[in-house]
Number of protein chains: 2
Amino acid sequence: MSTARAPEGYDKYAFEPFAVTVDLAVLTVREQRLHVLLVERGQEPYAGAWALPGGFVLPRESSESAARRELAEETGLSDATVAGLHLEQLRTYSEPDRDPRMRVVSVAYTALVPDDLPEPRGGGDAAQARWLPYGTHGPLAFDHDRILADARERVGAKLEYTCLATAFCPPEFTLGELREVYETVWGVELDRPNFRRKVLATPGFVQAVEGPPRLTGGRGKPAALYRAGSATALHPPLLRPEGRSST
Amino acid sequence: MSTARAPEGYDKYAFEPFAVTVDLAVLTVREQRLHVLLVERGQEPYAGAWALPGGFVLPRESSESAARRELAEETGLSDATVAGLHLEQLRTYSEPDRDPRMRVVSVAYTALVPDDLPEPRGGGDAAQARWLPYGTHGPLAFDHDRILADARERVGAKLEYTCLATAFCPPEFTLGELREVYETVWGVELDRPNFRRKVLATPGFVQAVEGPPRLTGGRGKPAALYRAGSATALHPPLLRPEGRSST
DNA sequence: CCAAAAGTGTTAACAGTACACCCATGC
DNA sequence: GCATGGGTGTACTGTTAACACTTTTGG
């Protein structure tokens, strides 16, 4: 804000105040499906409806701090664990009537988490919190359907040219698990040998873990384990086949 | 905001209020350099410093409406013209102390404009408004250096996989002008014949304009004219050479 | 004629695709 | 043995990259 029209003695209370909140699209890959963490609202408006977790930004915290705080509260994870999760600002939603009570501007974040988190618990005024397969829930409260759709689209696109997929995996994972992330989010099947070569040929995407391989659900040859590497960008990108959006 | 802790009878004025503003990183390509539209602040804080144009979001408008309104005011363009310009939400900046006066959350937008706009005029409490080559200005007010750097990085990345470059060009342009956009933003030289083929091979990127070609600054063979096409995505992407960020 | 920029053509290198095939494990 | 998933090899194909060459303008 540069051409601020507020002089030094400006009355901060002269206008109808804005509230600032965060909303979280928390995604994971579970059982070959994309899942979303949703809470059931316990209060009006939209009591009984599913909604994205979120809450008010406190007077002395940034929106990102607020997002991590809310994420910790909803998932029941420690602050230390939440600090390591992938959290990314999605965009800000500011339509004047998006909340019937008052003017609320919401900064939306996307969180990508592995599937090995403890079960979420309802907290605050949320009746319950659950992982639901993407698309199986009815219409969400407020404009959360749109936020969630935007998050899904962004994640799908970012898998192409970043190393983001590892954020869905536990600290040590197999290339099969990593490939499953792509296949689930994109809704396509990828050629296993080519996927393997592509990932290993990208410096810093993954790094091999010393030690014995892991059995993959009992079936098949044990697979080598990898950790997420230090790279964030993916050059050249891993384009999804056919330009299918699978949205 | 789903787990809103504000009941129906919530006192909107109980907390220190948040102000919501927009900041605009308005970019153009002029004389082989990336230029930014900046305003000189006329008031404290940061009086005399350069800053991004912007201002308060009004009680009944969205942040995008506010951004277009501010853009029209700063550039002196009509609302109709501004409505057609490329405007894109960058991200939201919400550090508690980013404005010394009060808690201000700012939604930043990036605008890409052609070089044929009228000269900007100072307006409001801005002493003046000018196009300055990117990087030649000193430190900007508030956290605007960071916002501007984020905008530049985003634009550079988006040129790779979207048709965004046409937003820098006037309604009718030559392929040489389009190539100059890429070369200027990326800071590299591109092979002319290959660039031409790549652009023409992408359906909907550009469409040929009937009629006589245009002389290119007097020198050289006249070039055919094109308009921006209907496509927005660029498949496959046009990767910048060497992964050089040229930031 | 020369310089400059548009536009066309050609070829080698590379990356992506589609397979065939072997390995190790559970049942 | 058989099914399943990991891992290696390889030939085919399309795109990219590099560069030679022609065309049309101004000086």
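Proteins come first, then strands; the chains are lettered A, B, ... in the order of their sequence lines, and each starts at number 1. Values below: all heavy atoms of this structure, side chains included; hydrogens, waters and symmetry mates excluded.
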So, A:Thr174 side chain and A:Ala224 main chain: donor-acceptor pair closer than 3.5 Å or not?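 No; judged by distance alone, with no hydrogens or angles, the pair does not exist.
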Sidechain-backbone polar pair: A:His235 side chain, A:Ala233 backbone, donor-acceptor under 3.5 Å: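 A pair under 3.5 Å: no.
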Rounded to the nearest angstrom, tell me the gap between atom [atom1] in [X] and atom [atom2] in [N].
| X | N | atom1 | atom2 | value |
| --- | --- | --- | --- | --- |
| B:Glu189 | D:dC19 | CD | P | 13 Å |
| B:Leu238 | D:dT15 | CG | P | 15 Å |
| A:Phe195 | C:dA15 | CZ | P | 18 Å |
| B:Arg192 | C:dT8 | CZ | C1' | 13 Å |
| A:Leu225 | D:dG6 | CG | C1' | 12 Å |
| B:Tyr226 | C:dA6 | OH | P | 11 Å |
| B:Lys221 | C:dA5 | NZ | C1' | 10 Å |
| A:Lys198 | C:dA15 | NZ | P | 8 Å |

What distance do A:Thr162 atom OG1 and A:Leu234 atom CG have between them, rounded to the nearest 0.5 Å?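 A:Thr162 OG1 to A:Leu234 CG: 7.0 Å, rounded to 0.5 Å.
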Which one, [options], comes nearest to the side chain of [X]?
| X | options | value |
| --- | --- | --- |
| A:Arg219 | C:dC19, D:dT4, C:dG9 | D:dT4 |
| A:Pro193 | C:dC23, D:dT23, D:dG9 | D:dG9 |
| B:Asn194 | D:dA17, D:dG5, C:dG16 | D:dA17 |
| B:Ala224 | C:dG7, D:dT16, D:dG6 | C:dG7 |

Find out whether the Lys NZ or Arg CZ of B:Arg197 is both under 6.0 angstrom from the six-membered ring centre of B:Phe195 and within 45° of the ring's axis.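 Here B:Arg197 fails the 6.0 Å and 45° test against B:Phe195.
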Mind listing the residues from residues 159-180 of chain A sitting with a heavy atom below 4.0 Å of DNA chain D? Number order is fine.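 By residue number: A:Gly176, A:Arg179.
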Verdict with reasoning, B:Asp23 to B:Ser106, per side chain to side chain donor-acceptor pair (under 3.5 Å): CA-CA 7 Å; B:Asp23 286 313; B:Ser106 187; 2.7 Å; yes
Electrostatic pair A:Glu160:A:Lys198 at N-O distance under 4.0 angstrom: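 Not counted as a salt bridge, because no side-chain N and carboxylate O are separated by less than 4.0 Å.
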N-O pairing of B:Arg130 and B:Glu40 below 4.0 Å: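 No, this pair does not count.
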Quick one: the side chain of A:Arg197 and the base of D:dT10, do they pair up donor-acceptor inside 3.5 Å?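 Side chain to base: pair found, below 3.5 Å.
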If you find the nucleotide of DNA chain D closest to B:Asp191 and the one closest to A:Pro222, which residue's nucleotide is nearer the 5' end?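 The residue closer to the strand's 5' end, by nearest nucleotide, is A:Pro222.
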